[in-house]
Amino acid sequence: AKSTRTGVHVYVPDPVTGTAGGDRLRTMEELRTALTDGELVVFLQPQLDLRNGDVVGAEALVRWNHPTRGLLSPADLLPAAEQAGLLRPLTDTVLELALAAAGRWWTDHEVPVSVNLSAANVTDLDLPDKVASALRRHGLPARALTLELVEDTLMTDPERGRAVLSDLRRLGVRTSIDDYGTGYSSLAYLRHLPADELKLDRSLTADVDRDPRAAAIVQHTVALAHHLGLSLVAEGVETVATSVTLARLGCDVAQGYAIARPMPVDDFLGWLVASESALLDEVLVPLLSQ
Ligand code: C2E
Ligand code: MG
Ligand code: MG
Ligand code: MG
């Protein structure tokens with residue numbers, strides 16, 4: 001298996017046998033039942049507005065509560081899902097879990113939940129209808145949901161992808177370009193892509209304190225995003241120092257270990273309540289007093 005920039009592994013046949021390994025086949029079979037038996041869960045990671053400390057989003061990240069292998073991460077399960085042709089049902093499940101979670105906090109905190117899409121979803125003409133009925137089922141308005149995609153997911157069929165995204169935005173769902181800055185044709189895509197938000201990749205945000213060139217790229221991307229009317233989210237923010245610098249460079253929102261690690265839904269609900277009263281002393285007080 002070969003790692004791509006998104007940390008998702010692409011299936012490469014064994015050069016000797018030309019087949020998938022036994023482990024991989026077993027994983028694919030197990031995943032089929034996991035999807036129906038409720039073994040998939042989502043962890044939630046908060047996103048913080050760098051100007052005022054408000055929690056402005058939560059990204060849902062899939063985990064597999066495997067009966068014998070423990071908690072598996074996307075890198076362990078997405079390749080098998082892709083190989084088994086299960087990416088669409090996987091997204092359906094994640095969407096369901098994410099909206100069920102948002103339904104628990106929405107009346108008290110209007111914090112949208114973000115769900116990651118894969119290429120199989122972006123070319124799915126039924127996606128907008130599925131999303132609309134899932135929102136209805138959970139009694140949520142469309143603005144309670146953000147859908148994230150990396151530019152590469154549009155490569156198989158850009159026209160259809162844009163049509164699906166436009167339909168989603170017409171519903172009122174927010175769209176976000178994930179891992180921005182690592183793709184091949186970022187600027188050309190930006191021109192026509194119906195999006196509300198850019199998520200600047202961790203590889204570009206991590207070094208802003210040490211590397212003036214990284215800082216220049218962030219600053220330039222902030223300006224670009226704002227000129228296009230997009231909000232800029234910095235991902236992978238691991239230290240308070242980095243979030244201070246990113247705030248100074250004009251980033252709107254930060255997500256990363258400095259704020260909180262992805263956590264189970266129940267923990268997130270507690271975190272959300274605590275963050276509102278305590279205003280995240282370690283992160284915000286130093287940030288706002290700079
Ligand atoms: P992503 O969408 O860019 O999500 C951010 C990833 O960075 C998550 O990894 C998160 O745990 C990690 N992260 C967050 N803050 C930090 C930080 O400060 N430092 C570092 N080093 N890492 C941080 P995770 O959960 O392992 O997910 C990896 C990727 O798998 C995601 O990248 C996304 O592309 C994909 N993925 C996750 N859940 C889903 C899903 O439900 N559906 C699909 N299609 N893809 C998913
Ligand atoms: Mg994402
Ligand atoms: Mg990302
Ligand atoms: Mg990433």
Side-chain angles (χ1 to χ4, degrees), residues 2-10 43-63 73-76 78 114-116 146 148-153 176-187 189-190 195-226 228 230-263 268 271 275 280-290:
K2 170 173 145 310
S3 248
T4 66
R5 65 184 182 83
T6 48
V8 175
H9 300 271
V10 170
F43 274 34
L44 295 166
Q45 186 177 36
Q47 300 174 336
L48 212 65
D49 189 319
L50 283 168
R51 289 154 305 193
N52 55 22
D54 287 350
V55 182
V56 289
E59 182 171 11
L61 297 155
V62 71
R63 301 286 183 265
S73 69
D76 301 313
L78 290 179
S114 299
V115 168
N116 291 282
T146 302
E148 298 189 3
L149 67 150
V150 300
E151 296 147 87
D152 294 9
T153 57
S176 169
I177 304 172
D178 204 356
D179 299 348
Y180 181 74
T182 57
Y184 296 109
S185 50
S186 309
L187 294 174
Y189 266 97
L190 271 191
D196 301 282
E197 169 184 292
L198 277 194
K199 289 186 86 174
L200 194 56
D201 192 66
R202 178 161 61 91
S203 60
L204 293 165
T205 59
D207 293 326
V208 283
D209 290 316
R210 294 176 292 270
D211 180 3
R213 298 171 69 101
I217 290 169
V218 170
Q219 206 162 13
H220 160 95
T221 311
V222 166
L224 177 64
H226 290 169
L228 292 170
L230 306 172
S231 155
L232 193 116
V233 181
E235 67 172 22
V237 181
E238 293 187 351
T239 68
V240 172
T242 306
S243 42
V244 170
T245 308
L246 290 167
R248 230 186 257 136
L249 293 173
C251 292
D252 303 294
V253 175
Q255 178 182 346
Y257 297 165
I259 296 146
R261 296 203 170 235
M263 60 191 116
F268 178 78
W271 188 94
S275 76
L280 297 170
D281 286 351
E282 305 110 83
V283 179
L284 275 181
V285 173
L287 185 66
L288 298 175
S289 62
Q290 294 284 319

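The shown structure was predicted, so the numbers you read here are calculated from the model rather than taken from an experiment. As a basis for the values below, the full set of heavy atoms in this structure was taken, side chains included, without hydrogen atoms, waters or symmetry mates.
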Query raised in the report: Step by step, would you call Gln47 with Glu59 a side chain to side chain donor-acceptor pair (under 3.5 Å)?
Result: CA-CA 8 Å; Gln47 300 174 336; Glu59 182 171 11; 4.8 Å; no
Query - Chi angles and distances behind the side-chain contact (heavy atoms from CB on, under 4.5 Å) call for Asn116, Leu61 - result: CA-CA 8 Å; Asn116 291 282; Leu61 297 155; 3.9 Å; yes
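Looking at residues two or more places apart in sequence or on another chain, you find a side-chain contact (heavy atoms from CB on, under 4.5 Å) between Leu228 and Leu190, Leu224, Leu230.
One N or O on the side chain of Asp49 and one on the backbone of Arg51 form a donor-acceptor pair closer than 3.5 Å. A distance-only check finds no donor-acceptor pair linking the side chain of Gln45 to the backbone of Gln255 [under 3.5 Å]. Using a distance-only test at 3.5 Å, with no hydrogens or angles considered, a donor-acceptor pair links the side chain of Thr205 to the main chain of Glu235. In this structure, Asp252 contributes its side chain and Leu232 its backbone to a donor-acceptor pair below 3.5 Å.
Between Lys199 and Asp179 no salt bridge is recorded (no basic side-chain N to carboxylate O distance below 4.0 Å).
Taking both residues in full, the closest heavy atoms of Gly236 and Arg202 are given as CA-CD, 3.5 Å, listed atom of the first, atom of the second, then distance. The shortest heavy-atom contact between Gly181 and Leu204 is CA-CD1, 3.9 Å. The two atoms that bring Val150 and Thr153 nearest to each other are O-OG1, 2.6 Å, heavy atoms only. A pairwise comparison of heavy atoms in His226 and Gly250 identifies CE1-O, 3.5 Å as the closest pair. For the pair Tyr180 and Leu187, the tightest heavy-atom approach, listed with the atom from each and the gap, is OH-CD2, 3.9 Å. Ile259 and Ala254 make their closest contact through CD1-O, 3.3 Å (heavy atoms, listed as atom of the first residue, atom of the second, distance).
Counting heavy atoms from C-beta on, the side chains of Phe43 and Ser73 never come closer than 4.5 Å. The closest side-chain heavy-atom distance from Leu48 to Val55 is below 4.5 Å. Taking 4.5 Å as the limit, some side-chain heavy atom of Leu198 sits within range of a side-chain heavy atom of Thr221. Counting only heavy atoms from C-beta outward, the side chains of Ser243 and Leu50 approach each other to under 4.5 Å.
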Side-chain donor/acceptor pairs under 3.5 Å, residues 209-219, sequence neighbours excluded:
{"unit_1": "Asp209", "atom_1": "OD1", "unit_2": "Thr245", "atom_2": "OG1", "d": "2.3"}
{"unit_1": "Asp209", "atom_1": "OD2", "unit_2": "Thr242", "atom_2": "N", "d": "3.3"}
{"unit_1": "Asp209", "atom_1": "OD2", "unit_2": "Thr242", "atom_2": "OG1", "d": "3.2"}
{"unit_1": "Arg210", "atom_1": "NH2", "unit_2": "Ala206", "atom_2": "O", "d": "3.2"}
{"unit_1": "Arg210", "atom_1": "NH2", "unit_2": "Asp207", "atom_2": "OD1", "d": "2.6"}
{"unit_1": "Asp211", "atom_1": "OD1", "unit_2": "Arg213", "atom_2": "N", "d": "2.9"}

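The OH atom of Tyr257 sits 13.5 Å away from atom OG1 of Thr239, with the distance rounded to the nearest 0.5 Å.
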